[in-house]
Structures are given as C-alpha cells and as structure tokens.
A.B. asks: 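The following block contains the structure, expressed as structure tokens.
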Amino acid sequence: MVSMMTIDPRLADRRREVAEDRARRNINRLLKLLVLLGMLGALVWLMLSPTFSLQTLRVTGVHSSDTEAVIEEHQLVIGRPMIFIRTGSVESDLLEDPWVKSAEVRLDWPTTVVVSIEERSPEAWVETAGGWEQRSVDGVALPGLEGPDDTMGRIVLPDVPHETAHVDLSVLGALEFLDALPIALSSAAVVERRGEELWAIVGGFDVRLGRPTDMTDKALSLAALLGEDLPAGSVINMTAPTNPAVAPPASEEEAADDDEGTAEGGGENDGDGNDDGEP
C-alpha cells in the first residue's frame with residue numbers, strides 16, 4: 001500500500017513566489033549589466049570618435065628647439081583620440097632638448113591640444129676644458145655654431161671641466177654679469193680669470209670683478225660708471241658694486257718700473273727716456 005504525501009497549497013504557493021522573485025532579480029541584474037555595458041560601449045565609441053579626437057594643435061614659443069620631432073614621436077596628429085595623449089610623457093621628452101627651458105602640454109577638451117614652449121637663448125661664448133660652446137644664462141650648453149663669433153661676449157675659463165661647467169659658480173657668475181650688461185657692452189666684453197679672481201674687459205677698460213657674487217649689481221653699477229668720462233687706461237674695481245673705485249692709468253715712469261723691474265738690478269733712466277743699462 002503506497003502512501004502519498006500532499007503539500008500544503010500555501011507552502012507550494014510560497015515556493016513558487018520565491019522562485020519567481022529569484023528569476024526576476026536575476027533578469028533585473030542581467031538587464032542592468034547589459035545597460036551598463038551598453039553605456040560603457042557608447043562612451044568608448046564616443047571617446048574614440050571625432051567628437052573627442054584631436055582636431056587643433058597649437059604650438060607656441062618654438063624657434064630653435066626640435067619640438068616637431070617630439071610631436072611626431074608621440075603622434076599628436078589630427079584624428080588621434082584625446083584619451084591616448086599622455087601629456088606628462090610629451091613634456092618629459094620636450095625637456096630633453098637643451099633649447100627647451102620649460103614645456104607645458106595641455107588638453108583643451110574636446111578637440112584641442114596646446115603645447116607651450118619656453119626656449120633658452122644663447123648668452124655668451126664660453127671656453128671650458130672642452131672647448132668653445134654657446135651657453136644660456138643658466139649655464140646650459142646650446143648646440144649650433146662650433147666657434148665664437150662677434151655676436152656675443154666671451155667667457156674664457158679653460159680650467160673649468162666641461163662636465164661641470166653648467167653648475168660652476170665662476171661660469172654662472174660670468175653669464176649673469178654679461179646678461180645684466182647692456183647689449184652694446186656685453187657683445188664685445190670678455191670675462192676671464194686672473195689668479196683667483198674674475199676680471200673683465202668691458203668698453204676698453206680692465207674691470208676687476210673679484211668673486212662671482214652680486215654679478216647683476218656689478219654689471220649695472222659698471223654700466224652707469226662707464227657713462228662717465230673716464231680716462232683711457234683706467235682700471236675699474238667692482239668688487240664692491242655699491243662703492244666702485246677707478247684707478248687712473250699708470251704714469252709712464254710707473255709703467256716703465258712695472259715692465260723693467262727697477263726695484264733691484266734694473267737700469268737707471270738717463271733723462272732722455274732711455275735706460276743706461278739697455279743692452
């Protein structure tokens with residue numbers, strides 16, 4: 001004799017409702033996922049479409065640097081999706097060019113990229129142990145001509161190693177000095193080391209600069225001083241720029257003493273301008 005189990009109709013209805021609710025929730029989750037995927041797909045399509053692709057490239061400040069090569073390397077071309085452009089990488093590569101002092105790459109959504117370049121300019125010809133190079137005021141060597149010309153002043157420091165010239169205080173001080181001078185004076189000026197000090201030849205005058213400090217003040221003070229009627233051959237002392245000194249040219253007798261060393265063993269002057277001890 002077989003016994004049959006019967007399920008309470010209320011329990012059966014409850015089980016059916018639970019199953020239906022679970023199915024509805026699964027369908028809702030699936031629909032939400034499909035909607036989300038659809039929205040993401042539409043967003044990706046939109047970002048890759050011409051609506052958000054490069055249409056205008058603005059480059060400013062370029063004169064000597066090879067910015068165009070970096071732009072080509074990073075494919076900043078019309079039609080490239082804006083989301084593929086990495087501004088930081090472009091800026092880093094631009095700054096590897098010695099001509100580039102600063103670089104900014106900005107995305108101007110939705111279709112414009114702005115590249116702003118600030119370039120260095122040559123300040124003077126500098127001779128170091130590595131030879132002659134044109135350098136900017138911050139000491140960076142700039143490519144170009146191989147030897148000095150007459151367009152810029154000269155800094156003669158052949159004892160300075162080429163590898164450290166861009167941070168050498170004497171080089172940087174001399175560049176600062178020439179940069180602060182009026183162009184009419186700086187273009188023909190020469191800065192060199194004499195002993196332990198920096199000296200310059202500016203406007204035909206020997207100028208003692210001393211240590212490479214306060215070089216802008218020294219240049220401005222010297223420019224004002226050279227506006228006065230100084231005797232030819234004067235030596236100008238700018239070691240204290242707020243209190244410069246001008247030594248008048250040495251007399252002929254002093255010059256003769258300096259040249260021939262009359263202190264001991266030198267010939268005596270016979271009154272007619274010649275030395276008796278002259279061979």
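In what follows, residues are counted from 1 in the order of the sequence shown. Predicted model, so just to flag it, every value in this text is computed and none were measured. Any value given below was found using the heavy atoms of this structure, including those in side chains, with hydrogens, waters and symmetry copies removed.
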A.B. asks: Show the numbers, then the answer: is there a side chain to side chain donor-acceptor pair (under 3.5 Å) between Glu119 and Ser65?
C.D. replies: CA-CA 7 Å; Glu119 291 189 343; Ser65 61; 2.6 Å; yes
A.B. asks: Let me confirm one number: the OG1-CG distance from Thr56 to Asp108, rounded to the nearest 0.5 Å.
C.D. replies: 9.0 Å
A.B. asks: May I ask you to decide if Asp66's main-chain N or O and Asp97's side chain share a donor-acceptor pair within less than 3.5 Å?
C.D. replies: yes
A.B. asks: To the closest 0.5 Å, what do you measure between CD1 (Ile71) and CG (Leu94)?
C.D. replies: 7.0 Å
A.B. asks: How about Asp149: does its CG atom have over 12 heavy atoms from other parts shown lying under 6.0 Å from it?
C.D. replies: yes
A.B. asks: Could you state whether Ile117 and Leu107 fall into the same hydrophobic cluster, counting links through intermediate Ile, Leu, Val, Met, Phe, Trp or Tyr residues with side-chain heavy atoms under 4.5 angstrom apart?
C.D. replies: yes
A.B. asks: Applying the 4.5 Å side-chain criterion to the ILVMFWY set and letting contacts propagate, would Leu145 and Val190 be lumped into a single cluster?
C.D. replies: yes
A.B. asks: Determine the minimum heavy-atom distance between Arg193 and Val160, stating which atoms define it.
C.D. replies: NH2-CG2, 3.7 Å
A.B. asks: If two hydrophobic side chains count as joined below 4.5 Å and joins carry through other members, does Val202 share a cluster with Leu157?
C.D. replies: yes
A.B. asks: Apply side chain to side chain contact (heavy atoms under 4.5 Å, CB included) to Arg154 and Trp132, showing your working.
C.D. replies: CA-CA 9 Å; Arg154 304 186 185 191; Trp132 286 100; 4.1 Å; yes
A.B. asks: When you compare the side chain of Phe52 with that of Ile83, does any pair of heavy atoms fall below 4.5 Å?
C.D. replies: no
A.B. asks: Would you say Arg120's side chain and Val100's backbone share a donor-acceptor pair under 3.5 angstrom?
C.D. replies: yes
A.B. asks: Just so I know, are the side chains of Pro212 and Leu172 near enough to count as touching, which here means a heavy-atom distance under 4.5 Å?
C.D. replies: no
A.B. asks: If Ile, Leu, Val, Met, Phe, Trp and Tyr residues are connected whenever their side-chain heavy atoms lie under 4.5 Å apart, and connections chain through other members, are Ile85 and Trp109 in the same group?
C.D. replies: yes
A.B. asks: I'd like to know if the side chain of Lys218 reaches the main chain of Phe177, judged simply by a donor and an acceptor atom lying under 3.5 Å from each other, with no hydrogens or angles considered.
C.D. replies: no
A.B. asks: Where do Pro161 and Ala129 come nearest, in terms of heavy atoms and distance?
C.D. replies: CA-CB, 4.2 Å
A.B. asks: Among Glu192, Glu197, Glu196, which one satisfies salt bridge (Lys or Arg N to Asp or Glu O under 4.0 Å) with Arg194?
C.D. replies: Glu192
A.B. asks: Would you call Leu230 and Ile236 a side-chain contact if the rule is heavy atoms closer than 4.5 Å?
C.D. replies: yes
A.B. asks: Between the main-chain N or O of Ile183 and the side-chain N or O of Ser187, is there a donor-acceptor pair closer than 3.5 Å?
C.D. replies: yes
A.B. asks: Evaluate side chain to side chain contact (heavy atoms under 4.5 Å, CB included) for Phe84 paired with Leu54, printing each intermediate quantity in order.
C.D. replies: CA-CA 10 Å; Phe84 290 161; Leu54 177 59; over 6 Å; no
A.B. asks: Under the side chain to side chain contact (heavy atoms under 4.5 Å, CB included) criterion, do Ile201 and Asp206 qualify, and how do the steps go?
C.D. replies: CA-CA 5 Å; Ile201 302 174; Asp206 273 0; 3.6 Å; yes
A.B. asks: What closest approach, in Å, do Ala219 and Ala180 show between heavy atoms, and which atom pair accounts for it?
C.D. replies: CB-CB, 3.6 Å
A.B. asks: Would you check if Ile155 and Leu175 make a side-chain contact, meaning some heavy-atom pair closer than 4.5 Å?
C.D. replies: yes
A.B. asks: Just so I know, are the side chains of Asp93 and Glu96 near enough to count as touching, which here means a heavy-atom distance under 4.5 Å?
C.D. replies: yes
A.B. asks: Distance from His166 atom NE2 to Glu133 atom CD, nearest 0.5 Å?
C.D. replies: 11.5 Å
A.B. asks: Which heavy-atom pair separates Ala232 from Phe205 by the least distance, and what is that distance?
C.D. replies: CA-CE2, 4.3 Å
A.B. asks: Could you tell me if the side chain of Ile27 sits less than 4.5 Å from the side chain of Leu31, heavy atoms only?
C.D. replies: yes
A.B. asks: Could you see if Val171 belongs to whatever hydrophobic cluster contains Val137? Use Ile, Leu, Val, Met, Phe, Trp, Tyr and a side-chain cutoff under 4.5 Å.
C.D. replies: no
A.B. asks: Is any side-chain heavy atom of Val70 closer than 4.5 Å to one of Val115?
C.D. replies: no
A.B. asks: With no hydrogens and no angle check, is any side-chain donor or acceptor of Glu118 less than 3.5 Å from a backbone partner on Lys101?
C.D. replies: no
A.B. asks: Given side chain to side chain donor-acceptor pair (under 3.5 Å), test Asn28 with Arg25 step by step and report yes or no.
C.D. replies: CA-CA 5 Å; Asn28 287 336; Arg25 287 197 298 270; over 6 Å; no
A.B. asks: For the residue pair Pro249 and Pro231, what are the closest heavy atoms and their distance?
C.D. replies: CD-CB, 3.9 Å
A.B. asks: What's the spacing between Leu95 CG and Ser102 OG if we round to 0.5 Å?
C.D. replies: 7.5 Å
A.B. asks: If every non-hydrogen atom of Thr128 is compared with every non-hydrogen atom of Ala165, which pair is closest and at what distance?
C.D. replies: CG2-CB, 3.8 Å
A.B. asks: Distance from Ser186 atom OG to Glu123 atom CD, nearest 0.5 Å?
C.D. replies: 6.5 Å
A.B. asks: With distance as the sole test, does Arg208 use its side chain to make a donor-acceptor pair with the main-chain N or O of Thr239 at under 3.5 Å?
C.D. replies: no
A.B. asks: I'd like to know if the side chain of Thr111 reaches the main chain of Gln55, judged simply by a donor and an acceptor atom lying under 3.5 Å from each other, with no hydrogens or angles considered.
C.D. replies: no
A.B. asks: CE/Met238 to CE/Met215 distance, rounded to the nearest 0.5 angstrom?
C.D. replies: 10.0 Å
A.B. asks: Please check this pair: side chain of Asp214 against backbone of Asp217, looking for a donor-acceptor N/O pair closer than 3.5 Å.
C.D. replies: no
A.B. asks: Quick check against the 3.5 Å criterion: does Gln134 have a side-chain atom that pairs as donor or acceptor with the backbone of Pro143?
C.D. replies: yes
A.B. asks: With a 4.5 Å limit on heavy-atom distance, are the side chains of Glu91 and Glu104 in contact?
C.D. replies: yes
A.B. asks: In sequence, state the C-alpha distance, the side-chain angles, and the governing distance for Trp125 and Val156, and then conclude on side chain to side chain contact (heavy atoms under 4.5 Å, CB included).
C.D. replies: CA-CA 8 Å; Trp125 285 103; Val156 184; over 6 Å; no
